[in-house]
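Each remark here refers to the structure printed beneath this line.
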Amino acid sequence: MTGAAGDGAGDGTGYDVVIVGAGISGALIAKRLTTAGLRVLVLEAGPATAWTFDGYSAHLGHFYAAAGKGPESAWPPAVGAPQPDTADVRTGHGYFVQRGPDKYGSSYTRLLGGSTLHWLGVCLRMLPEDFELRSRYGVGRDWPIGYHDLEPYYREAEWEIGVSADVADQAHLGIEFPDGYDYPMHALPASYSDQVLGKAVNGMRVTLGGQPFALRVRSYPAARNSTPRDGYQPAGAVDERVDGQALARDLGQRCQGNTSCTPVCPVQAKYNAQKSLAQADRRNLRVIPQAVASRVLVDPVSGLVTGVEYQHYDSPDSPRHVRRTARARGYVLAAHAVENAKLLLASGLCAGSRVGEGLMDHPALYAWGLSPEPAGAFRGPLSTAGIDDLRGGAFRASHAAFRFDIGNDGWRATTGAPDTSVAAAVSGRRMFGSGLRRHLEETLPRQVRFSVAVEQLASPGNRVTIDPRYVDPLGNPRPVISYRVDDYTLAGMAAATDVYQRVFRQAGIEDHTDPAEGAWFPSATYEGRAFRYHGMGHFAGTHVMGTSAADSVVDADQRSWAHRNLFVAGSGSFPTMGTSNPTLTMAALSLRTADQMIKELTR
Amino acid sequence: MNGTRQAELNRPVDVKRLRDLLQAAVELELSTIPPYLCALYSLRPGSNDEARLIIRSVAAEEMLHMALAANVLNAIGGEPRVTGVAHVPRYPHELPDGVMLDLLPFCPEAVEGFLKVENPQYPHQGAGPGHPLVAGRRPERHLARAAAVVGGPVVGGTVVGGTVVGRPVTSGPATIGAFYTEITDGLKETAAALGEQALFCGDPARQVTREYYYAGGGSPLPVHDLASALAALTEIVDQGEGEPASMYDADGDLSHYYRFKQLAYDRSYLPSDDAGAPTGPPLGVDYGAVYPMIANPRGDDYADPGLRAASDAANRTWSALLRDLEAAFNGRPETLLTAVPAMFRLRDQALVLLANPLPHSGGRHAGPAGRMRPPRRRRILSPNGPMAAPPISA
Amino acid sequence: MEPLAPDGTAGFAGEAMAGERAERFLAMSAVLTGYGRVQLTGTGLTAAYLRAVDASLPGGVLDDLLGAFARPRARAGKRAAGDDRELGGVPAILDDPRLGPVARNVILLWYCGTWTALPDDWHAAYGASRADTTRVVSPQAYQGALQWAAAGAHPAGARPQGFGAWSAPPEPAPSAGAGA
């Protein structure tokens, strides 16, 4: 990959900053630091196979040929950098060692670009009240910063990522924007099914905790290219071939409606972290893929980090590797909430703190049904709208908040449609010929599904630890997960179930939600009811930020209390999650961290 | 150039002639697109990835050129037309410099044809009447409007629906570049003679800008004065042939001519290569992995009713696309929002045709004919129940 | 790779001269799927599907199925009156313990682009081919699967409809049998 000036190639010397991880946190920090003139080395555990467009297309081909089309189906990992797979949740065998009692249902990707390669692209801001749950509702804990501290960085993150939305639609539940601000691109057009559902549902009232709410189908801010506003040029596909013409950069300038944001956008109209890396000042940047950080070295007296030991493997198919050490003045761990915690624990760092504790997810419910009229399923981005009105409110003193995502992809995620619908008609009902064709033409377009993300609070019992009995092919520890969905979240699931059923009734949607018909998901029980939930891929809490070293791992700048030249960046820093995808918030935090690092390192 | 042409150039260019020339430019750019799309869609799925990217990129830039030409025409008060028998290209299609455009599948002859379009200095054979692709029939060729407008008097030709059919006696501009030079010279002269503001009297709301146009290859410049008009026209020539001294356009991309040379040699240009043969890695061109489309498909002579219906559907989509483009170029640029889905639908319909063999054709396959058809009234479902409504795009 | 056609031209031209067996396979597939020959041929997948079926079945099974469909009542898609022992109509074929699952697999092949492994008891009774595994036949088969057309949509991750197309009401499906 690109070389940096005077980088002393093999042994990783001569850098100002070493960043572990080339996901969105690492990429944004690398871009900002290199642009400010700092020399940056990025160590990425996975291969950089998606960096050239034909490499990216090979991933796409992998997806087409895969029997299962889950989030990981386009992104097979290297032997040296294994990753969790949602398919492993059921079998219990995989990268994660799941101690339970409940299954942790999320996964992530260890490749250059990280989980942004397969994410949906939802870029909601957290609500002001999400930052002060304890003060307001007596649950969870407060952040050491508030919404207004982060707000300028939300704007910067929205422009760095390239988010499509209209401010007029997004100023609700306390979210505020300065006068004159708008997102870089107009909101993506609402899908036909959003419009149909909106006509039926907008304005309907529900009561939670005695408080009335009016529901509205609302377009969400998305990291997908749409009609630009003045001054913004949408970034298309990354095409970093060494020979030949980088023609693929013309692709992806607008969303085409490929309906496969997860697991892979064929044209990169959706943001992925490679775009930020490509936009970095490349003279100051060196990226070493297939380099697994295995140990952070620390001076026992000063507590300062003196280097990062890493294992560089030649082939994605083999664990054979060499060990090297990277050194710099400042260090960033941006390897993912779980991998950051794992690395800190494996290095014996942040002793006495709560590294790994407080692991959170958004366990989410699926609901699916048939709408009375064709809704145009299986078209457009995977989703374009949701229902946000129950993300905040006084009821949060008693149970979790939740947010609806309204799918455009029929029952694909819930039952494996359209394939399973065809199989049910052919094998189950012995249909064939024009009768079969008409049946499918009549029912497939009517499939609708909701995914309801339910908030989870941090609890010390939910944690990532390591255990010498469980190692990966490189000898690095596998994450050992202890996880329980507690009553606060389960009560939220119960409330969410009640609301979705009312919404279905209001819209005349025939409810087909049936665990027996759907794909397998783990379940948790509350008041005699079983709730099947899936992970949203939203990890948080494992290196929490706070106001003192006594009860947190990092400070408000994501700097480690114990090691003052080490920043631990990502959603692992979150004290609470709210109900939004952590990506935009962690991007904002990363930019804030980068600014702090620049101040110190360029003095 | 001969004496008649010289005399014509000395005459001050009037605005109507400029508008005719620019309309011819719009049609010229439009006429290059179906040949590129046929070559593109004929690539078997899963094959020829590099060729696919190259042809797609050129087709996208030709669309940009068409939008740029329309912007200039609109800026001087014209009304771009891309529908109707007089304006829709038919194939084989003769360009002003005598180059023949055929609808061909991806094959060496097609690549040679593309090279010739982008740089007529390039020597090529083309698909003559005896060529197996043509399958023994060579429909009457249609002369591009550009040739009729600039070529001077035509002897022995007849006018069919506004298009002259036949060969002009006097030669037109030697290259397409020269054709555009005639336009730019004319704009400068007329702006000087009439005043720039008087010439550029068009409604700015009719300009197509990057808000609605995004195929890649650049942004359509809004045109409102001489400088922007010249910039727009320079971009067309620059992207096609390349800057005078360089293989690359102003954005640092290989010009179309050199992109096609890569296909002809099946190698990519390295940044260090000069304008001779490219020395970079092979592109993996596989002429065998191509649907063997018949040259210049007609569609109206398919015996199979299913095939005729498929051809008809593609023609309707093509017609809808052109109607949307015309609306977009005439005060409703937001209509590009329906034009784009029409183009993607056309792709799907073309693929069905391309995979279907034509009986009694020596193994050739069907293909999109690109004929105009009137819209079909469609019932469109709405939340209030089915209702008859004008088609969004038939 | 495709074999060269007799005139020495590149193998894909040989698809046009697919042979009588492929024609019968196509005719049967049209009855089974409800899609016309032009649409089925238009997927470009006929030869690939035929190969997949041949590879995944013990010898003779496909030919017996094609033979059953060649009978007049089957070609017309009519229900056989009465006698189930004679495979007179499509429903009877679908009910046949040996040929029914294969016919259903052909439907799934065209609609989903996947071959579904036959159940163990079928193997026990009629034989097994080693290649009989559940799989997506190819990336092209995934994209050309008819289920997406039936949905009025496009294969997820491919052949998109274009920016904004998803806002328009879905196109009503062309009525079955209009040659489409």
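Numbered from 1 within each chain, the chains take letters A, B, ... in sequence-line order.
Atom CG of L64(B) is separated from atom CG of D250(A) by 10.0 Å, given to the nearest 0.5 angstrom. Rounding to the nearest 0.5 angstrom, the gap separating the CG atom in L251(A) from the CZ atom in R56(B) is 5.0 Å. For the atom pair CD (E211(B)) and CG (D230(A)), the distance works out to 8.5 Å, reported to the nearest 0.5 Å.
Proximity to chain A (any heavy atom under 4.5 Å) is shown, for L283(B), by neither the backbone nor the side chain. At a 4.5 Å heavy-atom cutoff, the contact between Q256(A) and chain B is made by side-chain atoms alone. Proximity to chain A (any heavy atom under 4.5 Å) is shown, for R210(B), by both the backbone and the side chain.
Other residues, nucleotides and ligands place more than 12 heavy atoms under 6.0 Å from the CZ atom of R216(A). Counting non-hydrogen atoms of neighbouring residues, nucleotides and ligands closer than 6.0 angstrom, the NE2 atom of H439(A) exceeds 12 such neighbours.
Most heavy-atom pairs under 4.5 Å with chain B, from the set R254(A), R229(A), R249(A): that is R254(A).
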